[in-house]
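A quick write-up on the structure given underneath.
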Amino acid sequence: MDIGEFKLERYFARYEFKARYLLSSSDCEALTLQELLAMADPADLALWENLRLGYTESTGHPRLREKVSGLYRNVPPGLVLTVVPEEGILVCLQALLSRGDHAIVTWPAYQSLYAIPEALGCAVTKWPLTLLNGAWELDPDFLERNITGRTRLLILNFPHNPTGYLPPREAYYRIIETARDHGLFVLSDEMYRFLELAPSARLEPAADLYEKAISLGGLSKAFGLPGLRTGWLAARDLGLIARFSAWKDYTTICGAAPSEILAIMALEAKDRLLARSREIIARNLAAAEAFFLRHPGLFSWIPPQGGSTAFPGLHREISVEAFCRGAVEKKDVMILPGTVFDFEGNHFRVGLGRADLPEVLDVLEGYVKGL
Ligand SMILES: Cc1ncc(COP(=O)(O)O)c(C=O)c1O
């Protein structure tokens, strides 16, 4: 299997630990170990203090699977497999797809969601988000029109990275029903779940709605704990979980022992962690909106509905790559151009989850004024 370079990851690798200001991170401000331990109850602290640094159970710590199961209505702990989030995508796609299959994926997309199916020899149809009256939209009829006899898998990502798009509930139900009518598997990347701007707009996990759906979740984004490298696949079919597990034996075998205990603590403290991330995003969103609306000749601001990112447009006199290169070279501000998503059009990603966003926008203001 041959696969191309992961453009977004390579772009981050170049700047993430070198540029002074990061404008495009998709994770929420990370907690310190001390902050997380300070939230833990005595039973979890005892797990932490007595932790043996041995191998762990390959499907995940039983208590962690139980806590994850609590996030779903219809997924018991036995149908949760803990994974590194990115690994979850790989093992799920490896297990579900074969050469010659067809997959449909919401577009633009986190690269592994389409590059792995392509590397496996599948045909991939991209279901594009388009701009309609200043908002991101998915053509609801596209899915039905593009399903063929070979279509095996639908890959969704709501809230969506990078646009922050979230479909209305009725549209989401219709998508799931279409998948059900055609017997498709659904891989639903829900890494940004819990970050809906209006909590009433939060969608039910796909695995709760549909027996052939697999929900991918994790602690990297909404929970502010990307360094734990902890996520999970939740499904309704034990046979599927067993197939994902079989692939995991060839990737990480099992989770990291310290991460598992810290992940249990994080899920116990879920409400506090999510409230913290949501507060940061709410404040940053106001600052970002004010900033981009101050420069209407240069930017088009497209408000997100969820997640921790937005994908504004840059007017075309300047290419987005040149704009981003100038920002990092002149002001040490790293901005992710939409071209790393292979997305046509002059868009760039703004990360709304980091505490220093207002300061980064002040620095960017100096750059923008000089353009
Ligand atoms: C949509 C989406 N899925 C999966 C991942 C992978 O998460 P992780 O980096 O924690 O493995 C990311 C990371 O940016 C993402 O944006």
Side-chain angles (χ1 to χ4, degrees), residues 6-13 15-17 22-31 68 81-94 103 105-117 126-127 129 136 153-167 186-196 203 205-206 214-234 244 248 251-252 255-256 259-260 262-263 266 273 277 281 304-311 334 336 338 340-343 348-354:
F6 200 132
K7 292 182 188 167
L8 177 146
E9 298 300 344
R10 287 304 94 210
Y11 200 90
F12 266 91
Y15 298 116
E16 188 172 10
F17 297 100
L22 303 177
L23 186 67
S24 298
S25 307
S26 60
D27 49 353
C28 293
E29 186 70 25
L31 279 96
V68 171
L81 175 70
T82 65
V83 286
V84 175
E86 175 74 306
E87 173 193 30
I89 296 174
L90 180 74
V91 300
C92 180
L93 294 172
Q94 288 274 15
V105 56
T106 47
W107 180 260
Y110 188 64
Q111 192 167 333
S112 36
L113 297 176
Y114 63 92
I116 295 172
K126 293 162 178 171
W127 184 5
L129 280 150
W136 295 105
L153 177 67
L154 170 64
I155 303 171
L156 304 174
N157 170 218
F158 305 134
H160 179 254
N161 169 20
T163 61
Y165 171 76
L166 191 63
V186 174
L187 167 58
S188 177
D189 181 329
E190 297 162 5
M191 288 297 291
Y192 296 87
R193 190 156 188 273
F194 301 116
L195 294 178
E196 302 73 13
L203 301 173
I214 302 102
S215 289
L216 170 73
L219 300 179
S220 303
K221 312 296 180 184
F223 290 80
L225 294 166
L228 296 190
R229 311 304 300 122
T230 299
W232 52 86
L233 293 167
F244 304 153
K248 185 180 171 186
T251 52
T252 56
S259 289
E260 288 201 316
L262 296 171
L273 296 188
S277 296
I281 290 176
Q305 294 149 302
S308 49
T309 60
F311 205 45
M334 180 210 155
L336 193 68
V340 303
F341 289 94
D342 284 336
F343 189 72
F348 56 95
R349 187 171 82 180
V350 175
L352 299 163
R354 294 288 183 94

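Counting convention: from 1, in listed order, for ligands and their atoms alike. Values in this document were obtained by computation on a predicted structure and should not be read as measured data.
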- Testing I155, L216, T106 for side-chain contact (heavy atoms from CB on, under 4.5 Å) with L113, which one passes? I155
- Query: How are the rings of F223 and W232 set relative to one another: parallel (under 30°), tilted (30 to 60°) or perpendicular (over 60°)?
  - Reply: perpendicular
Which residue and non-hydrogen atom of the protein lie closest to [atom], and at what distance in Å?
{"atom": "atom 7 (O) of ligand 1", "result": "P85 CB, 3.5 Å"}
{"atom": "atom 10 (O) of ligand 1", "result": "S220 OG, 2.5 Å"}
{"atom": "atom 14 (O) of ligand 1", "result": "K221 NZ, 2.7 Å"}

- Shortest heavy-atom approach to atom 1 (C) of ligand 1 - which of V83, D189, D27: D189
- Task: Pick whichever of Y192, F158, Y110 has a heavy atom sitting closest to atom 6 (C) of ligand 1.
- Result: Y110
I want to check something: taking the side chain as every heavy atom from C-beta on, are [X] and [Y] in contact at a cut-off of under 4.5 Å?
{"X": "L93", "Y": "P117", "answer": "yes"}
{"X": "T252", "Y": "R229", "answer": "no"}
{"X": "S24", "Y": "F348", "answer": "no"}

- L113, portion touching ligand 1 at heavy-atom distance under 4.0 Å: neither
- Note on the structure: Contact region, E86 to ligand 1, non-hydrogen atoms below 4.0 Å, reads both
- Message: Quick check for you: to the nearest 0.5 Å, what is the distance between I281 atom CD1 and E196 atom CD?
- Response: 10.0 Å
- Looking at W107, Y110, F311, which hits ring pair (Phe, Tyr, Trp, His ring centres under 6.0 Å) with F343? F311
- Distance-only polar pair, side chains of Y192 and S26, donor-acceptor under 3.5 Å: yes
May I ask whether [X] places a heavy atom under 4.0 Å from ligand 1?
{"X": "S26", "answer": "yes"}
{"X": "I89", "answer": "yes"}
{"X": "H160", "answer": "no"}

- With heavy atoms of R229 as the reference, note each atom of ligand 1 found under 4.0 Å away. 8 (P), 9 (O), 10 (O), 11 (O)
- Message: Please list, in number order, the atoms of ligand 1 under 4.0 Å from a heavy atom of M191.
- Response: 3 (N), 4 (C), 7 (O)
